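Here's the structure, in structure tokens; my notes come after.
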Amino acid sequence: MDVLWLGVLALLLLGYFALEGFDIGLGMLLPVLGRTQRDRDAVVSAMAPFVLANEVWLVAVAGVLFGAFPEVEGPVLYGLYPLVVTLLISWILRDAGLWFRRRLDGTGWRAAWDWAICLGSYGLALSWGMILAAIAQGLPGSPSPLAGFGYAVVVAGAFALHGWTFASWLLPGRVTGRGRTGGALLASACAAALPAAVPLAVLAPWLLEHAAPGGTLGVLSLIILPLTPVMAGAQVWTWRTFGPRRAAGRLPSFF
């Protein structure tokens with residue numbers, strides 16, 4: 001049972017990086033892709049409908065981690081406290097930019113929130129890189145500066161590539177100059193998830209040693225696993241509703 005839940009945790013974490021990675025990458029590239037206000041509106045409108053559905057994966061990761069592996073809460077939250085706080089602040093800043101930029105009209109107002117999206121996205125990417133570097137070095141505590149910086153650059157680069165590919169796939173010829181196929185998007189998703197796979201493999205034996213008792217895992221299975229089809233269905237609906245056919249028409253004005 002503990003191996004099963006480790007697999008569930010790995011699936012959710014890699015799924016989060018593969019899906020939310022393009023949102024973070026688009027936010028990082030917003031000043032590059034959005035040379036004009038119209039282009040920035042197009043980029044934000046392309047990413048915003050996917051954000052909530054993708055963030056659910058991270059919420060599920062936290063639930064599985066603290067429910068199925070409760071003894072890791074201390075090392076993760078307290079050992080990496082500054083990085084976790086930075087991650088949360090960046091998350092709030094990025095999402096605030098997405099939701100507030102169109103609440104008032106005006107070039108200055110929208111430009112300020114565009115920079116909030118960009119800075120928050122960089123904060124997310126770099127924080128994740130530092131956290132993954134710390135995990136790869138065996139927790140607790142912050143990673144060494146060299147390893148943390150190097151991994152942060154790798155994660156940021158993978159997210160940026162994923163964001164660029166997603167924009168090329170969803171908005172072909174509009175902000176990147178050329179289109180991409182679904183196969184290219186799948187490849188960039190794998191590249192975005194790969195930085196999380198290595199630290200997870202390093203952490204796996206330690207997680208298995210600190211898994212919850214079998215009875216607890218059984219109860220969690222009855223509670224959480226039935227929700228999996230709901231998560232999958234939400235993803236299918238989001239991609240069908242806001243995919244290339246939707247992007248070819250009128251962009252959602254409320255973003």
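Keep in mind that what you see is a predicted model, and the values were worked out from it rather than measured.
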Return all side-chain donor-acceptor pairs below 3.5 angstrom for residues 9-20, not counting sequence neighbours, or 'none' if the list is empty.
| unit_1 | atom_1 | unit_2 | atom_2 | d |
| --- | --- | --- | --- | --- |
| Y16 | OH | W128 | NE1 | 3.4 |
| E20 | OE2 | R94 | NH1 | 3.2 |
| E20 | OE2 | R94 | NH2 | 2.5 |

Would you mind reporting whether [Y] and [X] have side-chain heavy atoms less than 4.5 Å apart?
X    : Y    : answer
M47  : L98  : yes
M28  : Y122 : yes
L83  : S127 : no
R240 : W237 : no
L52  : E55  : yes

Aromatic ring proximity F22/H162, centre distance under 6.0 Å:
yes
Spell out, yes or no, whether [X] and [Y] are grouped together once hydrophobic residues are joined by side-chain heavy atoms under 4.5 Å, including indirect joins.
X    : Y    : value
V64  : V219 : yes
V84  : V59  : no
L220 : L4   : yes
V56  : L88  : yes
W206 : V61  : yes

If I compare all heavy atoms of [X] with all of [Y], which pair ends up nearest, and what's the gap?
X    : Y    : value
F50  : F166 : CE1-CZ, 3.7 Å
A136 : V202 : O-CG1, 3.6 Å
L29  : G163 : CD1-C, 4.5 Å
G120 : S90  : O-CB, 3.4 Å
D2   : L208 : O-CD2, 3.8 Å
L93  : A116 : CG-O, 3.6 Å

Which residues pass the side chain to side chain donor-acceptor pair (under 3.5 Å) test with W109, sequence neighbours left out?
none
Residues in side chain to side chain donor-acceptor pair (under 3.5 Å) with T36, at least two apart?
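T36: side chain to side chain donor-acceptor pair (under 3.5 Å) contacts with D39.
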Once rounded to the nearest 0.5 Å, what's the spacing between atom [atom1] of [X] and atom [atom2] of [Y]?
X    : Y    : atom1 : atom2 : value
W113 : L30  : CH2   : CG    : 14.0 Å
W91  : L124 : CH2   : CG    : 8.5 Å
I117 : I24  : CD1   : CD1   : 13.0 Å
I135 : L80  : CD1   : CG    : 7.0 Å
L65  : L207 : CG    : CG    : 7.0 Å
T165 : L186 : OG1   : CG    : 11.0 Å

Quick one, D41 with Q37, criterion side-chain contact (heavy atoms from CB on, under 4.5 Å). Give me CA distance, side-chain angles, the key distance, then yes/no.
CA-CA 6 Å; D41 288 345; Q37 187 63 61; 3.2 Å; yes
Donor-acceptor under 3.5 Å ([X] side chain, [Y] main chain):
X    : Y    : answer
T241 : T238 : no
R102 : W99  : no
Q235 : A53  : yes

Ignoring hydrogens and angles, write down the donor-acceptor pairs under 3.5 Å from the side chains of residues 211-218, residues two or more places apart or on other chains.
none

Using a cut-off of 6.0 Å, state whether more than 12 heavy atoms not belonging to F66 lie near its atom CZ.
yes
Side-chain donor-acceptor contact under 3.5 Å, S221 with W5
yes
Determine the interplanar angle of the W169 and W239 rings, folded into 0 to 90°, and report it as parallel if under 30°, tilted if 30 to 60°, perpendicular if over 60°.
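Taking W239 first and then W169, their aromatic rings sit tilted (interplane angle of 30° to 60°).
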Validation: residues 146-161 side-chain donor-acceptor distances under 3.5 Å, sequence neighbours left out:
| unit_1 | atom_1 | unit_2 | atom_2 | d |
| --- | --- | --- | --- | --- |
| Y151 | OH | P195 | O | 2.7 |

With sequence neighbours left out, write down each residue that passes salt bridge (charged side-chain N to carboxylate O under 4.0 Å, His left out) with D114, or none if nothing qualifies.
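D114 satisfies salt bridge (charged side-chain N to carboxylate O under 4.0 Å, His left out) with R40, R101 only.
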